2 protein chains.
Amino acid sequence: MSILNPKKELLTELKVIELLKRANLSITAPRKNILSLLLKEHGPFTVEDIIRRLPKNSCDQATVYRCLNQFVESSLVATTFLEKDIARFEFNDPEHHHHHIICKICKKIESLHDCLIDKIEQGLKKKGYQDIEHRLEFFGICAQCTKP
Amino acid sequence: MSILNPKKELLTELKVIELLKRANLSITAPRKNILSLLLKEHGPFTVEDIIRRLPKNSCDQATVYRCLNQFVESSLVATTFLEKDIARFEFNDPEHHHHHIICKICKKIESLHDCLIDKIEQGLKKKGYQDIEHRLEFFGICAQCTKP
DNA sequence: GTATATTTGCAACTCGCTTGCAAAAAACTT
DNA sequence: AAGTTTTTTGCAAGCGAGTTGCAAATATAC
Ligand SMILES: [Mn+2]
Ligand SMILES: [Mn+2]
Ligand SMILES: [Zn+2]
Ligand SMILES: [Zn+2]
């Protein structure tokens with residue numbers, strides 16, 4: 001627990017435990033560390049980012065992957081794939097479903113607090129972005145797979 | 001050249017050569033085969049799909065990857081990433097920019113001829129899709145990277 | 001506290017995809 | 001059309017994010 005801000009730390013810890021319980025995940029050190037990290041900073045973070053922020057040598061990278069997959073599975077965490085072969089993770093607040101833009105050159109990532117293509121692209125142009133492209137994919141369960 | 005439809009084959013061949021020239025790519029057998037395949041069927045196709053459709057042992061998989069990357073680079077081909085770690089490719093007709101839906105269960109992919117989220121999701125529900133999610137990412141060049 | 005079930009660390013492995021290099025083919029030159 | 005230069009190809013080895021099998025460690029249930 002931090003010496004500087006014991007109260008806030010404690011609140012985060014309690015919230016993390018509550019979230020893990022609701023997700024039916026047992027309370028372990030790696031899970032608490034990873035989830036509270038994602039709760040404190042917005043992200044999205046690569047696994048490398050996350051390990052860098054975790055207490056040094058506090059857990060294996062396989063554990064980080066396993067925990068993140070479980071969090072995604074139980075909707076605690078959302079994923080983005082802004083660069084090929086690099087998954088990024090952020091805490092999934094269902095009230096604030098949103099998307100991201102990455103700069104094709106410097107790879108800076110920004111979160112967009114909105115979800116309508118044209119409107120977003122107009123806003124991005126005003127912000128100085130050029131050569132904007134988007135990728136939009138849908139995922140669902142088709143009629144055939146619903147029937148039986 | 002096909003015995004059944006020599007005219008159509010010849011036209012495709014000419015179109016393919018024209019497209020390669022416009023893209024400043026030299027005219028080679030693998031490039032012609034891959035591009036004409038993508039011109040004939042809509043896709044999107046994985047590299048495995050493409051190799052299966054190519055004349056048996058007609059070229060190495062490394063060549064397929066290299067050609068596809070060049071095609072993407074010169075905007076002849078568009079990519080989609082509907083499943084993690086699996087790239088799919090289709091001919092990029094700029095007049096028909098569109099997106100896709102994949103079934104979470106059977107992985108069937110459908111092309112959507114439109115680009116507005118709400119409208120698309122309504123249409124998909126009418127078609128029998130359930131549990132629809134989408135992924136929307138933007139890519140651009142940020143203000144800082146534009147200046148210097 | 002003990003028994004049972006779950007999770008972790010480690011190292012080996014998987015799998016799309018990429019790459020170095022010599023041989024082959026295309027493009028350019030005359 | 002033949003010779004020269006440049007590009008592309010095939011092959012096999014390599015890369016790297018992510019996964020997995022298993023024994024030891026930890027959490028949960030009783
Ligand atoms: Mn975000
Ligand atoms: Mn399509
Ligand atoms: Zn930038
Ligand atoms: Zn289906």
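A note on names: the letters A, B, ... follow the listed sequences, proteins ahead of strands, and every chain is numbered from 1. Since the model is a prediction, treat every value here as computed from it, not as a measurement. For the numbers below, each heavy atom of this structure counts, side chains included, while hydrogens, waters and symmetry mates do not.
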Worksheet, complete the sentence: Rounded to whole Å, the CG-P distance (A/D49 to D/dA17) equals 12 Å

Worksheet item: Between A/L20 (CG) and C/dT6 (P), how many Å, whole number?
Response: 16 Å

Worksheet, complete the sentence: Between CD1 of A/I51 and C1' of C/dT8 the distance, given in whole Å, is 14 Å

Item to complete: Give the intermediate values and the outcome of side chain to side chain donor-acceptor pair (under 3.5 Å) for residues B/Q70 and B/Y65.
Response: CA-CA 9 Å; B/Q70 292 151 353; B/Y65 278 107; over 6 Å; no

Item to complete: Pick base, sugar-phosphate or nothing for B/T46, based on heavy-atom distances below 4.0 Å to the nucleic acid.
Response: nothing

Practice prompt. Take the protein atom CZ of B/R31 and the nucleotide atom C1' of C/dA27, then report the distance between them rounded to whole Å.
Written response: 12 Å

Item to complete: Go through the steps for B/T63 and B/D60 under the test side chain to side chain donor-acceptor pair (under 3.5 Å), then give the verdict.
Response: CA-CA 5 Å; B/T63 302; B/D60 192 80; 4.9 Å; no

Discussion item. Starting the side chain at C-beta, find the nucleotide from D/dT28, C/dA27, C/dT7 nearest to B/S26.
Written reply: C/dA27

Discussion item. Regarding A/A87, tell me which of base, sugar-phosphate or nothing describes its non-hydrogen contacts under 4.0 Å with the strands shown.
Written reply: sugar-phosphate

Worksheet item: When the distance from CD1 of A/I27 to C1' of D/dT28 is rounded to whole Å, what number comes out?
Response: 11 Å

Worksheet item: What about the rings of B/H42 and B/H96, do their centers lie closer together than 6.0 Å?
Response: no

Worksheet item: Quick one: B/R88 CZ to C/dG16 C1', roughly how many Å, whole number?
Response: 13 Å

Item to complete: Can you pull out how bent the helix from C/dG1-D/dC30 to C/dT30-D/dA1 is, comparing the axes over its first five and last five pairs, to 10°?
Response: 40°

Item to complete: Strictly below 4.0 Å, heavy-atom distances to any atom of DNA chain C: list the hits from residues 60-86 of chain B, or just say none.
Response: B/Q61, B/A62, B/Y65, B/R66, B/N69, B/D85

Worksheet item: Does the side chain of B/V64 come within less than 4.5 Å of B/C59's, by heavy atoms?
Response: yes

Worksheet item: If each of B/A29 and B/F89 is mapped to the nucleotide of DNA chain C with the nearest heavy atom, which maps nearer the 5' terminus, i.e. the 5' end?
Response: B/F89

Discussion item. Looking at A/E18 and A/R22, is there a salt bridge between them, counting it only when a charged N and a carboxylate O are closer than 4.0 Å?
Written reply: yes

Worksheet item: For A/T28 and C/dT6, is the shortest distance between a side-chain N/O and OP1 or OP2 below 4.0 Å?
Response: no

Practice prompt. Take atom CD1 of A/I50 and atom P of D/dG18, then tell me their distance rounded to the nearest Å.
Written response: 10 Å

Discussion item. Checking the side chain of A/S58 only, and the main-chain atoms of A/L54 only, is there a donor and an acceptor separated by less than 3.5 Å?
Written reply: no

Item to complete: Please determine, for the side chain of B/C59, which listed nucleotide (C/dT8, D/dG18, D/dG10) has the closest atom?
Response: D/dG10

